[in-house]
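No experiment lies behind these values; they were computed from the predicted model shown.
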Amino acid sequence: MNLLDGRAVSKEILKNVKADIDHYIDQKHLGYNLSRPSIAIVMVGHNAASESYVRAKTKACERAEINYKIIRFEDNISTFDLISEIKILNKSHFDGFIVQLPLPDHIDPKPIINEISAYKDIDGFHPLNFGKMALGQKSMRPATAYGILKLLQHYDIPTNSQHVVVIGRSNIVGKPIAIMLGNDFEVGRSTVTSCDIHTPKELLIEEAKKADIVIVAVGQPNFLTADMIKEGAVVIDVGINRLESGKLVGDCNFEELSKKASYITPVPGGIGPMTIAGLILNTFEAWKMKNLIES
């Protein structure tokens with residue numbers, strides 16, 4: 001068993017992004033007169049998990065030397081007022097911004113996400129970006145799915161002509177990773193089977209046992225067990241669950257699966273850091289688009 005070390009790979013990606021930004025800024029002789037990329041992070045309320053995620057995102061910005069600003073609103077802000085703030089950010093100097101989820105119960109996130117400019121949508125959630133991604137066109141890619149692909153790419157794990165089973169159909173993880181692996185993306189086109197917690201258990205196990213790569217994102221501790229995969233499969237655990245003891249675990253029974261899988265992601269330290277790496281890569285793309293820099 002080999003660990004897919006998301007922390008180490010994320011650090012390398014951030015180092016490379018910083019170097020690429022430095023490279024463009026130094027090319028003043030080509031007519032560039034650039035300032036470093038900048039993002040805004042919108043936080044509504046005081047969700048403890050969100051505070052932790054945002055700290056990780058700001059640390060990543062510091063590693064890549066990307067400027068950031070945290071914009072806070074109380075949890076009683078109305079949907080109308082939050083949308084008004086989004087419209088201001090759409091016209092601001094920031095290259096990109098995110099609205100940290102989850103939002104308070106009285107705010108539906110869909111109209112908030114839809115209001116963010118597709119050009120500043122570094123989370124990759126806007127319908128325009130999602131649609132372009134589905135069509136295989138250049139876009140801001142959903143950050144977690146993008147991070148998963150970059151992790152597979154880093155470890156030279158083949159996806160071309162491989163059978164991938166994705167368990168979970170969320171708009172944030174399951175749907176985009178299934179689409180991106182089915183498209184001829186940078187790492188190669190896969191044959192993808194999409195399942196979720198409503199798939200009959202017998203059918204889900206039957207499909208998962210055939211898979212070269214299993215990606216699970218259902219939000220249930222110990223959902224994926226060793227009897228559900230074949231020997232030597234690659235396991236990507238996207239879940240983050242906090243047990244009553246306070247321990248953070250994924251959707252996999254790590255102890256069981258680590259004895260059978262060829263590669264597996266730890267939780268924490270696997271896909272979480274790679275999601276942030278995807279966010280930083282999208283920020284870099286947004287910065288290049290704004291400054292008319294060709295990729």
Side-chain angles (χ1 to χ4, degrees), residues 10 13-46 50-51 53-74 77-101 103 107 109-130 132-133 137-143 146-147 275-295:
S10 176
I13 288 172
L14 299 179
K15 178 182 175 182
N16 291 338
V17 168
K18 177 189 176 301
D20 288 341
I21 293 168
D22 291 343
H23 169 73
Y24 284 118
I25 288 176
D26 288 343
Q27 291 190 27
K28 293 180 181 178
H29 62 284
L30 296 180
Y32 295 137
N33 187 16
L34 305 172
S35 56
R36 300 198 75 82
S38 64
I39 67 168
I41 301 171
V42 177
M43 295 189 67
V44 180
H46 304 278
S50 293
E51 297 282 355
Y53 296 147
V54 166
R55 281 195 297 273
K57 289 170 183 176
T58 57
K59 285 180 182 177
C61 287
E62 289 164 3
R63 282 185 179 274
E65 294 189 10
I66 289 172
N67 298 320
Y68 65 87
K69 181 178 181 181
I70 299 174
I71 301 173
R72 295 180 179 271
F73 300 105
E74 291 303 315
I77 190 172
S78 68
T79 298
F80 178 85
D81 287 342
L82 185 55
I83 286 176
S84 297
E85 297 293 341
I86 299 301
K87 289 179 177 178
I88 291 170
L89 284 169
N90 284 339
K91 297 178 181 178
S92 71
H93 72 280
F94 292 107
D95 298 290
F97 66 95
I98 64 169
V99 176
Q100 182 65 42
L101 301 177
L103 291 168
I107 299 179
K110 289 191 285 292
I112 304 302
I113 290 167
N114 291 351
E115 195 62 48
I116 297 171
S117 165
Y119 298 101
K120 298 195 176 193
D121 168 39
I122 53 177
D123 261 333
F125 293 162
H126 191 281
L128 180 59
N129 282 324
F130 200 99
K132 283 184 172 182
M133 176 273 297
Q137 298 178 12
K138 187 177 176 66
S139 68
M140 302 289 187
R141 301 166 185 139
Y146 195 10
T275 296
I276 296 173
L279 183 80
I280 295 298
L281 287 167
N282 279 339
T283 299
F284 181 46
E285 289 302 319
W287 179 75
K288 287 194 291 182
M289 280 193 295
K290 190 179 87 169
N291 290 288
L292 303 178
I293 298 171
E294 292 186 5
S295 297

Non-hydrogen atoms of Phe97 and Ile122 that approach each other most closely: O-CG1, 3.6 Å
Who are the side chain to side chain donor-acceptor pair (under 3.5 Å) partners of Ser10, not counting sequence neighbours? none
Determine, step by step, whether Ser84 and Asp81 satisfy the side chain to side chain donor-acceptor pair (under 3.5 Å) criterion, reporting the C-alpha distance in whole Å, the side-chain angles of both residues, the deciding distance to 0.1 Å, and the verdict. CA-CA 5 Å; Ser84 297; Asp81 287 342; 4.9 Å; no
Is there a side-chain contact between Asp123 and Pro142 in this structure, where contact means two heavy atoms from C-beta onward sitting under 4.5 Å apart? no
So, Trp287 side chain and Ser35 main chain: donor-acceptor pair closer than 3.5 Å or not? yes
Sorted by chain and residue number, the side chain to side chain donor-acceptor pair (under 3.5 Å) partners of Lys132 (sequence neighbours excluded) come out as none
Looking at Met140 and Asn282, what are the two nearest heavy atoms and their distance? SD-O, 3.5 Å
Measure the shortest side-chain to side-chain distance between Pro37 and Ile21 over non-hydrogen atoms and say whether it is less than 4.5 angstrom. yes
On a heavy-atom basis, the closest approach of Tyr119 and Ala286 is O-CB, 3.7 Å
Minimal heavy-atom distance between Asp95 and Lys120, with the atoms involved, is O-CG, 3.6 Å
Note: Glu285-Lys138 ion pair, threshold 4.0 Å (strictly below): yes
Can you find a pair of side-chain heavy atoms, one from Phe73 and one from Met43, that are under 4.5 Å apart? no
Salt bridge or not for Glu51 and Arg72, using N-O below 4.0 Å? yes
Side chain to side chain donor-acceptor pair (under 3.5 Å) against Tyr68, all qualifying residues, sequence neighbours excluded: Glu62
Is the shortest side-chain heavy-atom distance between Ile41 and Ile71 below 4.5 Å? no
With a 4.5 Å limit on heavy-atom distance, are the side chains of Leu281 and Val17 in contact? yes
Less than 4.5 Å apart, any side-chain heavy atom of Asn67 and any of Cys61? no
Closest heavy-atom pair and its distance - Ser50, Leu101: OG-O, 3.6 Å
Are any side-chain N or O atoms of Asn129 and backbone N or O atoms of Gly124, one a donor and one an acceptor, separated by less than 3.5 Å? no
What are the two closest heavy atoms between Leu279 and Ala143, and how far apart are they? N-CB, 3.8 Å
Does the side chain of Leu82 reach to within under 4.5 Å of the side chain of Val42, using non-hydrogen atoms? yes
Evaluate the side-chain proximity of Ile116 to Leu89: yes if any heavy-atom separation is below 4.5 Å, no if none is. no
So, the side chain of His126 versus the backbone of Asp121: is there a donor-acceptor pair under 3.5 Å, distance only? no
In terms of side-chain geometry, is the basic nitrogen of Arg36 or Asp22 positioned less than 4.0 Å from the acidic oxygen of its partner? yes
